Amino acid sequence: MASQKKVQIKNRKARFEYEILDKYVAGIVLRGTEIKAIREGKASIAESFCEFSNGELFVINMTVQEYSHASHYSHNPKQERKLLLNRSELKKLEKEVKNTGLTIIPLLLFTTDKGLAKLEIALCRGKKQFDKRESIKDRDTKRDLSRIKKSFNN
């Protein structure tokens with residue numbers, strides 16, 4: 001495990017669809033060949049979300065494709081996977097989700113230097129339609145300003 005390439009799988013729609021309030025990094029309980037498939041980059045967190053069940057946090061709808069060199073001991077691509085957080089963080093997140101109606105969305109799936117898979121999750125509030133239009137307008141104005149600055153520098 002001397003030199004491994006880092007895997008970073010992003011949820012690009014999350015920043016557009018949700019207003020991010022707080023971020024956490026959680027470990028994932030993986031079974032069988034899931035870590036090998038993640039290291040190959042064969043995972044997707046685009047449509048995934050997190051839910052509480054019996055005081056534990058699970059990521060739902062995260063897709064980890066089957067490992068290409070696996071034998072018959074393969075895994076289910078869409079199964080629920082348990083997230084590992086401190087007990088105090090779990091209690092805080094569960095209280096926020098139940099009381100204020102916020103959601104927990106995965107932002108980034110990455111591997112560490114040791115080769116472990118981690119998931120960056122965020123406590124989010126859904127954006128309304130006018131908020132989305134405003135973020136599109138901000139992005140367009142930033143792009144136009146950078147073009148103008150570039151033309152003046154040349």
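Treat the numbers as computed from the prediction; the structure is a model and nothing was measured. One is the number of the first residue; the rest follow in order along the sequence.
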Self-check item: Stepwise side-chain contact (heavy atoms from CB on, under 4.5 Å) test for Ile121 and Ile105
Solution: CA-CA 6 Å; Ile121 58 174; Ile105 303 293; over 6 Å; no
Quiz item: Stepwise, does the salt bridge (Lys or Arg N to Asp or Glu O under 4.0 Å) test hold for Asp144 with Arg147?
Solution: CA-CA 5 Å; Asp144 292 341; Arg147 285 181 188 157; 3.8 Å; yes
Quiz item: Yes or no on side-chain contact (heavy atoms from CB on, under 4.5 Å) for Leu123 and Lys23, after CA distance, side-chain angles and deciding distance?
Solution: CA-CA 6 Å; Leu123 191 62; Lys23 292 182 186 177; over 6 Å; no
Self-check item: Chi angles and distances behind the side-chain contact (heavy atoms from CB on, under 4.5 Å) call for Leu83, Ile28
Solution: CA-CA 5 Å; Leu83 296 180; Ile28 312 171; 4.0 Å; yes
Self-check item: Steps toward salt bridge (Lys or Arg N to Asp or Glu O under 4.0 Å) verdict (Glu17, Lys132)
Solution: CA-CA 7 Å; Glu17 297 282 334; Lys132 293 178 188 177; 3.0 Å; yes
Practice problem: Might you work through the side-chain contact (heavy atoms from CB on, under 4.5 Å) test for Val7 and Ile9, ending with a clear yes or no? | Solution: CA-CA 6 Å; Val7 176; Ile9 300 167; 3.9 Å; yes
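The minimum heavy-atom distance linking Gln8 with Phe110 is given by the pair CG-CB, 4.1 Å. Across all non-hydrogen atoms, the minimal contact from Gly27 to Lys118 is CA-CD, 4.1 Å. For the pair Asn61 and Glu47, the tightest heavy-atom approach, listed with the atom from each and the gap, is ND2-O, 3.3 Å. Taking all atoms of both residues into account, the shortest heavy-atom contact from Pro106 to Ala14 is O-CB, 4.5 Å. Of all the heavy atoms in Glu34 and Val29, the pair that sits closest is OE1-O, 4.4 Å.
To the nearest 0.5 Å, the span separating CD on Glu80 from OG on Ser48 amounts to 12.5 Å. A distance of 10.0 Å separates CG of Leu90 from OH of Tyr24, quoted to the nearest 0.5 Å. Considering CG of Asn11 and CZ of Phe49, their distance stands at 12.5 Å, rounded to 0.5 Å. Atom CG of Leu116 sits about 9.5 Å away from atom CG of Leu30, to the nearest 0.5 Å. Rounding to the nearest 0.5 angstrom, the gap separating the CD1 atom in Ile20 from the CG atom in Leu102 is 12.5 Å. Atom CZ of Arg133 sits about 10.5 Å away from atom OG of Ser135, to the nearest 0.5 Å.
In this structure, the side chains of Gln79 and Arg31 come closer than 4.5 Å at one or more pairs of heavy atoms. Within the 4.5 Å cutoff, the side chain of Glu134 has no heavy atoms near those of the Lys127 side chain. Looking at heavy atoms from C-beta onward, Thr103 lies out of side-chain contact with Val97 at the 4.5 angstrom threshold. Counting heavy atoms from C-beta on, the side chains of Arg15 and Leu107 come closer than 4.5 Å. A 4.5 Å side-chain heavy-atom check between Val59 and Ile45 finds every atom pair outside the cut-off. In this structure the side chain of Val64 reaches within 4.5 angstrom of the side chain of Arg81, judged on heavy atoms.
Annotation for Arg12: atom CZ does not count as buried by contact number, only 12 or fewer foreign heavy atoms lying within 6.0 Å. Atom NZ of Lys78 sits in a crowded spot, with more than 12 heavy atoms from other residues, nucleotides or ligands closer than 6.0 Å.
Between Glu19 and Arg125 there is a salt bridge, since a side-chain N of the basic residue sits under 4.0 Å from a carboxylate O of the acidic one. Between Lys128 and Asp131, none of the side-chain N atoms (NZ, or NE/NH1/NH2) sits under 4.0 Å from a carboxylate O, so this pair counts as no salt bridge. One finds a salt bridge joining Lys98 and Glu94 here, because a Lys/Arg side-chain nitrogen approaches an Asp/Glu carboxylate oxygen to under 4.0 Å.
Under a hydrophobic-cluster definition in which Ile, Leu, Val, Met, Phe, Trp and Tyr are linked whenever side-chain heavy atoms come within less than 4.5 Å, directly or via other members, Tyr18 and Leu57 are assigned to different clusters. Both Leu21 and Ile104 sit in one connected hydrophobic cluster of ILVMFWY residues. Membership requires side-chain heavy atoms under 4.5 Å apart, directly or through other members.
The closest donor-acceptor contact from the side chain of Arg39 to the backbone of Thr111 lies at 3.5 Å or more, if one exists at all.
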